[in-house]
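Read through the structure below, which is laid out as structure tokens, and then see the notes.
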There are 2 protein chains.
Amino acid sequence: MTNGTVAMGRPTLEQVAQHAGVSRATVSRVVNGSPTVAEPIRAAVERAISELGYVPNQAARSLVTQRTDSFALILPEWTTRVFSDDQLFPGVIRGVGQEMEAADKQLVLMLAGSAASHDRIERYALARHVDGVLIASMHGADPLPGTLARMGVPVVCGGRPLGRARVPYVDVDNVNGARQAVRHLLDTGRSRIATIAGPQDMVAGIDRLTGYREELRDSDRRSIVAVGDFTRDSGAVAMKQLLQDDPQLDAVFVASDLMANGAIRVLREQGRRVPDDVAVVGFDDIELARYTEPALTTIRQPIDGLGREMARQLLRLAGGETIPDQVVLPTELVVRASA
Amino acid sequence: MTNGTVAMGRPTLEQVAQHAGVSRATVSRVVNGSPTVAEPIRAAVERAISELGYVPNQAARSLVTQRTDSFALILPEWTTRVFSDDQLFPGVIRGVGQEMEAADKQLVLMLAGSAASHDRIERYALARHVDGVLIASMHGADPLPGTLARMGVPVVCGGRPLGRARVPYVDVDNVNGARQAVRHLLDTGRSRIATIAGPQDMVAGIDRLTGYREELRDSDRRSIVAVGDFTRDSGAVAMKQLLQDDPQLDAVFVASDLMANGAIRVLREQGRRVPDDVAVVGFDDIELARYTEPALTTIRQPIDGLGREMARQLLRLAGGETIPDQVVLPTELVVRASA
DNA sequence: ACGTGCGGTGGGAACGCTCTCACGCCCGTC
DNA sequence: GACGGGCGTGAGAGCGTTCCCACCGCACGT
């Protein structure tokens, strides 16, 4: 009785087979839910499995199947720092995580910090340690998605990738969101509408500015632009500049709620009432927007939805299906007190 | 020339060996940096490796080494939702991620949502898909850490685990942090000091209340307690209750910055000036604390440091070293305007 | 000149699984 | 009553590594 069920390493298929009095192949069939197994045998095997506490060894399985059932989510490290107090970061992770869990896949998180980590990520993906890669919110024209895609690794980007690499992506409708914001300001009678744009090396920054410009141009208004980097402080700085550039402005579309928060603080410091003197519309609809004074009118983007959709597309792609080049999620105007 | 270097699957050790005119074993030695390889041979092998673009197959490697070089970070799903606008979540992830990257290990993120996912996590860890597990901020006495540890999986908890399972953990010094906060209030001449505690099924909630009580008892003051759940709204509700319970209170220690934010709003609504009438000290030192009106005096806890330390301990544990049962990180009083 | 020891190398087994293929059995059919 | 066709099962060959062990030469000591 020395060979009891006591933890002498995890049991293998072989041992389960022996215990159940069948062959390895049959146990494998049961484990993988093959229909061609007689009912009594299947029952016997299942009992053996649970008696022995058998859990398939993923490494062995991957070795032969060439799949790992896990996917990487790559986030630029600065994202986690700069955006740590809005909810993009946790939201995307949550969305992706949910979808992966539903599909019973693993989520490997890679924070791309240094340039060196690019190498690491490439090697990792190429080592076929993951079945696919999700890349979130890049700065500038990152070559990574293109490189990976070219090497045959399924890739889906979060946010339209800059550069000419044609990689499928999921994005929110930044252009239209910005237009909605500006239109709301116009509809409520504002005439000198400025904007605090996001960084112009990020799609979200670029597209929201584009939307602002388009909507303004359509109604023959002049654009007044300052650029921030999505942080609260940059919003404050940009607001000061705008007030200098055009003291008469009566509305601002700010490309992120965090920047809007900074901007409103400056407006109040300079004695402008919000929304009476200057109306403010943000973008993102982060939690904070509900709690600022005044509560922020903003454009809601489906953050969790973005993550979920990215995951869904990637799963399909890795499953061999063809997926659309782009999926664009709608935004929604949320009217609160600031405009 | 049909067997060129063209992408016919990834090259294997065997192929590299052939290409370099040596044996598989030797290539393996080079790849793993064994010292017993003659210099010219090593050079030849390295050339072959780069020429063929060889990347070791992790599955095959794991199969024999019984290691995967990846670690799981388990987060209760609600964490990502409830705490999405403080920085605990991203901060811990960032800290863990950094340390893992430095050690060249992978980070597998598992969001423990439903109870069903507990099963999934257990199976996953037991399948030896990871070399160790990090469990962050549990609610109540979660059996998971104990179970895993008992099965021989290296586990480190973030936050002292409730329940009797003796699992090594890393935590911030909640008790002392709370004492620092209360002491500061006492030192600045406050006498009726209330507290808004966190949920009493979480260590952070319990310990911060303990610290408050201890410090107050040491100076013979009465404690006035309301309980929230770390969310902003619960802070507001608790504040209202405190004002009813004791309209004379002149200070509040709030167990999280988010709740402090809600509390301050209520104080202002009810016409109390902060800090003149009522001083407020928070806990966490999240980004927001710097931007509220008035800026929040609070207890800073090293969030990134928590993640990093957890990772460090886990890596050592998985490496076979013995690690301390607990590591407690210091907190620090940050005086701003609210107290 | 011939053992002895050691640094360096190659061969082979093993890791735990999947999957193809061949085999045995039972049933239906002529 | 013999034969063909399924269906269910088992045997075996890998998948790409690592690691143990055997081997080979060379320098050294006797």
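Treat the numbers as computed from the prediction; the structure is a model and nothing was measured. A, B, ... follow the sequence lines: proteins, then strands. Residue 1 opens every chain.
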The answer to which of Ala38(B) and Asn32(A) contacts DNA chain C further toward the 5' end, by nearest nucleotide, is Ala38(B)
Between [X] and [N], is there a side-chain N or O to OP1/OP2 distance below 4.0 Å?
X        : N       : result
Ser28(A) : dT18(C) : yes
Ser23(A) : dG10(D) : yes
Asn57(A) : dC15(C) : no
Thr26(B) : dG10(C) : yes

Nucleotide nearest [X] (side chain, heavy atoms from C-beta), chosen from [options]:
X        : options                   : result
Val22(A) : dT17(D), dG10(D), dC15(D) : dG10(D)
Thr12(B) : dT18(D), dG16(C), dG16(D) : dG16(D)
Leu63(B) : dT17(D), dG16(C), dC17(C) : dG16(C)
Leu13(A) : dT9(C), dT18(C), dT9(D)   : dT18(C)

How close or far is atom [atom2] of [N] from atom [atom1] of [X], stated in whole angstroms?
X         : N       : atom1 : atom2 : answer
Glu14(A)  : dG12(D) : CD    : P     : 12 Å
His129(B) : dC17(C) : NE2   : P     : 14 Å
Ile49(A)  : dC17(C) : CD1   : C1'   : 13 Å
Gln15(B)  : dC15(D) : CD    : C1'   : 13 Å
Arg10(A)  : dC15(C) : CZ    : C1'   : 16 Å
Gln18(A)  : dA11(D) : CD    : P     : 12 Å

Any side-chain donor near an acceptor of the partner, Gln106(B) and His129(A), under 3.5 Å: no
Ignoring hydrogens and angles, state whether a donor on the side chain of Gln313(A) or Glu309(A) is under 3.5 Å from an acceptor on the partner side chain. yes
Between [X] and [Y], does at least one N-O distance fall below 4.0 Å, as a salt bridge requires?
X         : Y         : value
Arg94(A)  : Asp304(A) : yes
Arg160(B) : Asp171(B) : no
Asp131(B) : Arg67(B)  : no

Would you kindly check whether a donor in the side chain of Arg29(A) faces an acceptor in the base of dG10(D), or vice versa, at under 3.5 angstrom? yes
Tell whether Arg24(A) reaches the base of dG12(D) with its side chain through a donor-acceptor pair below 3.5 angstrom. yes
